[in-house]
Amino acid sequence: MQSAAYSLSSPCSIPSLKPRKFCSRAGFQPIRVSSSFAAPERHEHSVSLPNRSWRLSSSSSLPLRAWNLVPSDSKPDRFEVRAKAAESAGEGEKSGSLVKILELGLLFGLWYLFNIYFNIYNKQVLKVFHYPVTISAVQFAVGTIIVSLMWTFNLYKRPKVSGEQLVAIVPLALVHILGNLFTNMSLGKVAVSFTHTIKAMEPFFSVVLSAMFLGELPTVWVVGSLLPIVGGVVLASVTEASFNWPGFWSAMASNLANQSRNVLSKKLMVKKEESLDNITLFSIITIMSFILLAPVAIFVEGIKFTPAYMQSAGLNVKEVVVRSLLAALSFHAYQQVSYMILQRVSPVTHSVGNCVKRVVVIVSSVIFFKTPVSLINSLGTGIALAGVFLYSRVKRIKPKAKAA
């Protein structure tokens, strides 16, 4: 048997086993050659082995490892966790925004639906029960009961209102009464579609009153958008089959009262530390309206909303009472939902939604009551509503500041 001697001066004599950069590392122990069985002696620089099969093994203190391009101090798990967290956060935001969109769509749908029910039931009652003051008082009474239940069962936080605030709210309640009363008077005289066509004139009164009492001068774009509104209402009025002056002027007075309420709310409720949210303000106005209008209804029309009087007048008591209550519930519900929407969207978006609401009410009432509508009448209504939509869009255009 011949023996072979191998001299290994450094680990760099076998370049294929380890990369060159490890040659300079301090404390690195060199690779040694060993036979399959333990050698009896080991010299410092050479090892004598029998001519047998042999293998390479690393020092026990530093086993061989597979080559890895990732630095030893990297932590891929941390990046993976962060990526997954960011991905889940993104999915959470998308699902949250989707829920908000669906919720807002539901509110808009309820707003339109309650409006349709209110106008249909209210018209049915006012056609046979010609006491608009009493009907208005009943609607405020039902609203007062709903508000009281909401506050009692903590469905909405009961507000703490000062005496100064109550005094400021009284004018708002008065114009709120007039706005609802004149609307009911108009609905009792003319078709629902015509009443709401006239009520499309609200932007006109808003611009005029804001300029008179708030000093808010309209832009050229706003004034231009009022032209199709006025022209469309005039065209629709001339060709309206159910036209009469009491119904027309009642609807116009309703516009004036409703927009006066908006202007007064801006002028009187100006202190932010004392301001109330829209739903709370509407709730207080509803209660005040009932307290103020109930004695007026009794004084002007007498106590008419009784089974005895309805039977003597030949009315179906159950139908009148049920439809009156449904109209009152729908009246309060659609206004509550309207304020809920206003808390979630901008005033411009709410104004556009209100324009669409008027279209929905007009179309649904024409279909339900089978109101005869001529081509010119439809054209006038369409022009007026298009003007309202245009007004809601150009209202946000601010006038350019004058250079000093």
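Just so it is clear, the model here is predicted, and its values are computed rather than measured.
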Give a yes or no answer on whether the side chain of His130 reaches the backbone of Leu126 with a donor-acceptor pair at less than 3.5 Å.
yes
At their closest point, which heavy atom of Val352 faces which heavy atom of Ser392, and how far apart are they?
CG2-OG, 3.3 Å
Donor-acceptor pair, side chain of Ser351 and main chain of Pro347, under 3.5 angstrom
no
Quick one: OH on Tyr121 to CG on Leu325, what's the gap to the nearest 0.5 Å?
11.5 Å
Is there a side-chain contact between Val321 and Met310 (heavy atoms, below 4.5 Å)?
yes
If every non-hydrogen atom of Leu293 is compared with every non-hydrogen atom of Ala137, which pair is closest and at what distance?
CD2-N, 3.6 Å
Mark yes when over 12 heavy atoms from residues, nucleotides or ligands other than Leu149 sit less than 6.0 Å from its CG; otherwise mark no.
yes
Taking Asn255's backbone N and O only, do any of them form a donor-acceptor pair with Glu202's side chain (distance below 3.5 Å, no angle check)?
no
Point-to-point distance, once rounded to the nearest 0.5 Å, from OG of Ser324 to CD1 of Ile135:
4.0 Å
Test His196 against every option in Thr183, Asn115, Asn119 by the side chain to side chain donor-acceptor pair (under 3.5 Å) rule and name the one that passes.
Asn119
When you measure from the side chain of Lys123 to the backbone of Leu187, do you find a donor-acceptor pair of N or O atoms at a distance under 3.5 Å?
yes
Heavy atoms only: give me the nearest Lys157-Trp151 pair and the separation to one decimal.
O-NE1, 3.9 Å
Check whether any side-chain N or O of Ser210 sits under 3.5 Å from a backbone N or O of Val207 as a donor-acceptor pair, and report yes or no.
no
For Gly353, is there any backbone N or O sitting under 3.5 Å from a side-chain donor or acceptor partner on Tyr112?
yes
Is there a side-chain contact between His176 and Gln335 (heavy atoms, below 4.5 Å)?
yes
Could you check whether any side-chain heavy atom of Leu281 comes within less than 4.5 Å of a side-chain heavy atom of Ile285, counting everything from C-beta outward?
yes
Among residues at least two apart in sequence or on other chains, which ones pass salt bridge (Lys or Arg N to Asp or Glu O under 4.0 Å) with Arg344?
Glu103
Considering only heavy atoms from C-beta outward, does the side chain of Asn180 approach that of Asn184 to under 4.5 Å?
yes
Please report the interatomic distance CG(Leu227) to CZ(Phe204), rounded to the nearest 0.5 Å.
10.0 Å
Backbone of Ser254 reached by a side-chain donor or acceptor of Asn258 within 3.5 Å
yes
Specify whether Phe243 and Phe194 have parallel, tilted or perpendicular ring planes, treating 30° as the upper limit for parallel and 60° as the lower limit for perpendicular.
perpendicular
Whether the side chain of Thr381 engages the backbone of Thr197 through a donor-acceptor N/O pair (distance < 3.5 Å, no angle test) should be reported.
no
Short side-chain donor-acceptor distance under 3.5 Å, Glu164 and Ser162
no
Taking the side chain from Thr195 and the backbone from Ala191, do they hold a donor-acceptor pair closer than 3.5 Å?
yes
Donor-acceptor side-chain pairing of Asn278 and Gln343 below 3.5 angstrom
no
Parallel, tilted or perpendicular, as decided by the 30° and 60° cut-offs, for the rings of Trp245 and Phe248
perpendicular
Decide side chain to side chain contact (heavy atoms under 4.5 Å, CB included) for Val322 and Leu326; before the verdict, give the C-alpha distance in whole Å, the side-chain angles of both, and the deciding distance to 0.1 Å.
CA-CA 6 Å; Val322 170; Leu326 289 174; 3.9 Å; yes
Are Ile303 and Thr134 side-chain neighbours, meaning at least one heavy-atom pair lies under 4.5 Å?
no
Nearest atoms (heavy-atom pairs only) where Ser283 meets Val147:
CB-CG1, 3.6 Å
Classify the ring geometry of Phe331 against Tyr334: parallel below 30°, tilted from 30° to 60°, perpendicular beyond 60°.
perpendicular
For a 4.5 angstrom cut-off between non-hydrogen side-chain atoms, does Met288 reach Val170?
yes
Would a distance-only check, ignoring hydrogens and angles, find a side-chain to backbone donor-acceptor pair under 3.5 Å from Asn377 to Ala236?
yes
Crowding at OH, Tyr117 (>12 non-hydrogen neighbours, <6.0 Å)
no
Kindly determine whether Tyr391 and Ser206 satisfy side chain to side chain contact (heavy atoms under 4.5 Å, CB included), including the steps that lead there.
CA-CA 11 Å; Tyr391 168 81; Ser206 177; 3.9 Å; yes
Rounded to the nearest 0.5 Å, the CG atom of Leu178 sits from the OG atom of Ser260 at a distance of 9.0 Å
Report the C-alpha distance between Phe118 and Val361 in whole Å, list the side-chain angles of each, state the deciding distance to 0.1 Å, and finish with yes or no for side chain to side chain contact (heavy atoms under 4.5 Å, CB included).
CA-CA 10 Å; Phe118 166 70; Val361 170; over 6 Å; no
Let me confirm one number: the CZ-OG distance from Phe114 to Ser330, rounded to the nearest 0.5 Å.
6.5 Å
May I ask you to test the Val175-Gln259 pair for a side-chain heavy-atom distance under 4.5 Å?
no
How close do Phe182 and Ser250 get, heavy atom to heavy atom, and via which atoms?
CB-O, 3.3 Å
Minimum heavy-atom separation for His332 and Gly143, please, with both atom names.
ND1-CA, 3.5 Å
Can you check side chain to side chain contact (heavy atoms under 4.5 Å, CB included) on Trp111 and Asn354, steps first, answer last?
CA-CA 9 Å; Trp111 187 24; Asn354 190 54; 3.8 Å; yes
pair Leu209-Leu256: side-chain heavy atoms closer than 4.5 Å
yes
CZ (Phe205) and CE (Met212) are apart, to the nearest 0.5 Å, by 11.5 Å
